[in-house]
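All of these numbers come straight from a predicted model, not from anything done at the bench. Naming convention: chains lettered A, B, ... in sequence-line order (proteins, then strands); numbering from 1 in each chain.
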Amino acid sequence: MRLYNRVDMEIRQLHPWNLEPRDAIATQKRLAAQVVLEGSPQDVRTVAGADISTAGGRGRGAVVVLSYPDLQVLESQVVESELAFPYIPGLLAFREVPVLAEAFQRLSVRPDLLLVDGQGLAHQRRFGIACHLGLLLDLPTIGCAKSRLVGEHGPVDEEAGSRTELRDGSEVIGLVVRTRAGVTPVYVSVGHRIGLAEAAEWVLSLCRGYRLPDPARLAHQAAGGQAMPVAAQPAGEQMSLF
DNA sequence: GCGACAG
DNA sequence: ATCTTGTCGC
């Protein structure tokens with residue numbers, strides 16, 4: 001898919017190369033105003049999930065496209081490269097977007113909805129990685145993080161589907177959602193072109209018995225987020241211990 | 001100054 | 001994020 005859907009010079013500043021932290025912060029402040037905080041994706045047939053795994057200064061980004069509502073994998077692109085930017089809370093996008101953007105570029109289909117592993121509006125400057133990618137790709141985007149970056153919230157009821165507001169002062173910046181009973185809730189926030197309530201509904205409808213919605217869960221796997229169980233060695237072919 | 005801090 | 005085995009529970 002094409003990376004830049006809009007012929008706008010400013011949009012290019014969303015694609016970070018070698019920015020200094022202070023410039024990265026200035027960029028976020030300036031572009032946060034362009035995020036569209038409302039919308040309900042229509043006729044969704046494909047949903048993409050994006051995630052990245054890191055190891056020794058290198059990162060492996062993965063974008064997986066699933067059919068909806070079947071949630072079958074239609075396409076998967078994995079890209080590995082050097083990570084130029086360090087991890088700094090609040091500036092995650094500048095570390096991960098370059099690799100993910102390359103993966104999106106190799107995608108043959110343009111998804112109808114995107115789910116990103118990380119915060120959207122629930123960010124210091126209301127411009128988390130989900131907003132960053134959403135604006136870059138001009139796609140309805142949802143931010144779904146496994147832990148909190150900013151904001152406070154009360155307890156979340158135990159039943160699956162329960163949600164509690166995540167606030168920064170009096171401002172509601174996201175929803176803490178229990179995707180299934182017995183698991184730690186996830187942090188859902190607007191990435192781009194979708195409302196908060198709609199984002200939470202989508203996250204829940206994309207869950208299939210696991211804590212994380214399938215797009216995020218499968219992208220995490222594709223990126224090699226956790227060691228794959230080693231295939232059992234055929235008897236007689238086991239490597240000698242000496 | 002101290003504590004917090006997506007992945 | 002990553003380093004890592006077993007173990008408690010449905």
**OP:** Using side-chain hydrogen bond (donor to acceptor under 3.5 Å, both in side chains) as the criterion, list what pairs up with D168(A), not counting sequence neighbours.
**Re:** R126(A)

Subject >> Length of the line joining L166(A):CG and dC5(B):C1', which is rounded to integer Å >> reply: 14 Å

Original post:
According to a 3.5 Å limit on both distances, what stems of 3 or more consecutive Watson-Crick or G-U pairs are formed with DNA chain C?
Top reply: none

Subject >> Under 4.0 angstrom between S147(A) side-chain N/O and dG7(B) OP1 or OP2 >> reply: yes

Subject >> K146(A) side chain near dA6(B) phosphate (N/O to OP1/OP2, under 4.0 Å) >> reply: no

**OP:** Determine the contact category for L83(A): base if any of its heavy atoms lies under 4.0 Å from a base atom, sugar-phosphate if only primed atoms, P, OP1 or OP2 are that close, otherwise nothing.
**Re:** nothing

Subject >> ILVMFWY cluster membership beyond V79(A) - transitive side-chain contacts under 4.5 angstrom >> reply: I52(A), L83(A), V99(A)

Subject >> E158(A) CD - dC10(C) C1' separation (whole Å) >> reply: 16 Å

Output a table of nitrogen or oxygen pairs between the protein and nucleotides 6-8 of chain C separated by less than 3.5 Å.
none

Subject >> Residues Q77(A) and R106(A): side-chain donor-acceptor under 3.5 angstrom >> reply: no

Subject >> Base of dA6(B) and ring of Y187(A) stacked, centres under 5.5 Å, planes under 30° >> reply: no

Original post:
Would you write out the dot-bracket form of DNA chain B, 5' to 3', with Watson-Crick and G-U pairs under 3.5 Å, [ ] for crossing pairs, | for pairs to other strands and . for unpaired bases?
Top reply: .......

Subject >> Residue that, paired with I129(A), satisfies side chain to side chain contact (heavy atoms under 4.5 Å, CB included) out of V116(A), D117(A), T141(A) >> reply: V116(A)

Original post:
Under 4.0 Å between a side-chain N/O of H220(A) and OP1 or OP2 of dG7(B), yes or no?
Top reply: no

Atom pairs and distances, donor-acceptor, side-chain atoms in residues 148-162 of chain A, under 3.5 Å, two or more places apart:
from    : atom 1 : to      : atom 2 : distance (Å)
R148(A) : NH1    : G151(A) : O      : 2.9
H153(A) : NE2    : Y187(A) : OH     : 2.9
S162(A) : OG     : E159(A) : O      : 2.8

Original post:
Can you find a side chain N or O atom of R148(A) that sits less than 4.0 Å from OP1 or OP2 on dC5(B)?
Top reply: yes

